[in-house]
Amino acid sequence: MMMTRPRLLAFETIRNFRDFGGYESRHGGRVKMGRLYRSGHHAEASEAELERMNALGIHVQADLRRPDEREKQKSRFAAPVTITHDGGRETEAPHMRFLSQMSVDAETADQWMTEYYELAPFKEHHVAMFRDWFVKLAEVPEDAAGLVNCAAGKDRTGILCALTHHVLGVSDTDIRADYDLTNEAVGVNQRLPEAAAYFNQMIGKTYPDEVYRPFMGVNLKYLDRAYSAIHAKAGSVEAYLADVLQVDAALQADLRAKLIEA
């Protein structure tokens, strides 16, 4: 069966909004479209955009942002079941604190993001929200949808969407392709010069554009680092799901029954 719905959903103020269903499953069939969405934050959403989001039938939302992020950029959208966590509070966004240092180059920025991905799957508040996402997603009414978002919809969101794909039997090739699609969805190459100028002015720096690339887009080696950490600490993705997230075989089966179509 061919994918008939658009994967990328263009919104004026919401970055990286897309459907991450539609992929073939090793369990047979294909992940349903119109049931799984991912995006950046919705703090600037217009009334028309909110109406469009409401029409998608989103019943459960995992807002993976820290509490300070949610307070600074208050979401204009909330699903009937909205997953958040009060852990991980920062006084300043960690990447902005890093960029405000005496000197940062493209290599150190890239390394900072690589190290972030190594830690992210095991942060206590991430573990709690990841687990709740799977539990609540399995409970959604028939034909209702789920949404994963964070600030930019690429890193925390990217890891949780990859794990969701794994549960649903999506191939590693397709998992990686969907993760990498962020770069197209947000137009990294086109937006990078403007974004670099904006951030340089904000923090009083003159960094070259490439310093900001890791914070604008994604790189497959970042996802690889997250998976390497999962294998090193938990033994396998399956063990991470079962032992760390407490997403057992029965829950995974429920998710596949709900979200895979023949």
Side-chain angles (χ1 to χ4, degrees), residues 1-42 45-64 75-83 129-130 132-150 152-154 156-186 218 247 251-262:
M1 183 183 70
M2 296 297 292
M3 185 175 68
T4 57
R5 296 171 181 251
R7 183 171 301 289
L8 302 180
L9 285 73
F11 283 81
E12 185 69 24
T13 70
I14 306 171
R15 301 290 183 191
N16 206 7
F17 203 120
R18 60 191 204 256
D19 189 323
F20 68 102
Y23 295 104
E24 291 183 1
S25 170
R26 66 176 177 273
H27 300 289
R30 184 181 295 266
V31 179
K32 295 176 181 178
M33 295 203 75
R35 304 292 298 279
L36 293 168
Y37 296 101
R38 53 179 293 175
S39 76
H41 72 79
H42 319 112
S46 67
E47 290 300 323
E49 288 174 321
L50 292 174
E51 288 182 14
R52 187 178 172 196
M53 287 185 68
N54 285 327
L56 296 175
I58 297 167
H59 182 82
V60 60
Q61 172 189 3
D63 185 342
L64 304 178
S75 183
R76 299 202 66 215
F77 176 84
V81 177
T82 301
I83 297 161
M129 288 188 288
F130 288 6
D132 286 351
W133 160 253
F134 287 114
V135 171
K136 298 302 183 183
L137 185 63
E139 296 173 352
V140 298
E142 283 302 319
D143 299 326
L147 167 70
V148 180
N149 78 272
C150 55
K154 68 184 189 73
R156 291 164 287 190
T157 294
I159 293 169
L160 183 51
C161 291
L163 292 169
T164 305
H165 275 156
H166 183 90
V167 168
L168 297 175
V170 176
S171 71
D172 289 343
T173 298
D174 285 339
I175 289 173
R176 292 166 67 83
D178 189 86
Y179 170 83
D180 197 48
L181 189 58
T182 282
N183 292 322
E184 177 185 341
V186 303
V218 297
V247 178
L251 177 54
Q252 293 185 45
D254 288 345
L255 288 161
R256 290 192 285 268
K258 186 177 289 285
L259 293 168
I260 297 174
E261 61 187 359

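In this chain, residues are counted from 1 in sequence order.
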Treating [X] as the side-chain partner and [Y] as the backbone partner, does any N or O pair qualify as donor plus acceptor under 3.5 Å?
X	Y	value
Asn16	Gly153	yes
Arg18	Leu9	no
Asp178	Asp174	no
Arg35	Ala144	yes
Asn183	Val218	yes

Locate the shortest heavy-atom distance separating [X] from [Y]; write the atom from each residue and the value.
X	Y	value
Ser46	Thr13	N-OG1, 4.2 Å
Ile260	His27	CD1-CB, 4.4 Å
Gly34	Ala145	O-CB, 3.7 Å
Tyr179	Gly158	CD1-CA, 4.2 Å

Side chain to side chain, [X] and [Y], heavy atoms closer than 4.5 Å:
X	Y	result
Thr164	Phe134	yes
Phe77	Asn54	yes
Arg15	Lys154	no
His42	Gln61	yes
His59	Pro141	yes
Ile14	Met53	yes
Thr157	Phe20	no
Val60	Asp132	no

Next item on the list: State which residue, out of Leu137, Ile58, Leu147, fulfils the side chain to side chain contact (heavy atoms under 4.5 Å, CB included) condition with Leu36.
Entry: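 The passing option is Leu137.
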Next item on the list: Have a look at Arg76 and tell me which of Glu47, Glu49, His41 forms a side chain to side chain contact (heavy atoms under 4.5 Å, CB included) with it.
Entry: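 Answer to the side chain to side chain contact (heavy atoms under 4.5 Å, CB included) test with Arg76 among Glu47, Glu49, His41: Glu47.
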I need the [X] [atom1] to [Y] [atom2] distance, nearest 0.5 Å.
X	Y	atom1	atom2	value
Asn149	Phe17	CG	CZ	9.0 Å
Arg38	Leu64	CZ	CG	10.5 Å
Leu168	Tyr23	CG	OH	12.5 Å
Lys32	Ser25	NZ	OG	12.5 Å
Leu163	Phe130	CG	CZ	6.5 Å
Arg176	His165	CZ	NE2	14.5 Å

Note to self: With a 6.0 Å cut-off (strictly less than), is the heavy-atom count around CD of Glu184, excluding the residue itself, greater than 12?
What the structure shows: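 Counting neighbours around CD of Glu184, 12 or fewer heavy atoms of other residues, nucleotides or ligands fall under 6.0 Å, so no.
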Next item on the list: Give a yes or no on this: more than 12 heavy atoms of other residues, nucleotides or ligands lie within 6.0 Å of atom NZ of Lys136.
Entry: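 Result for NZ/Lys136: open.
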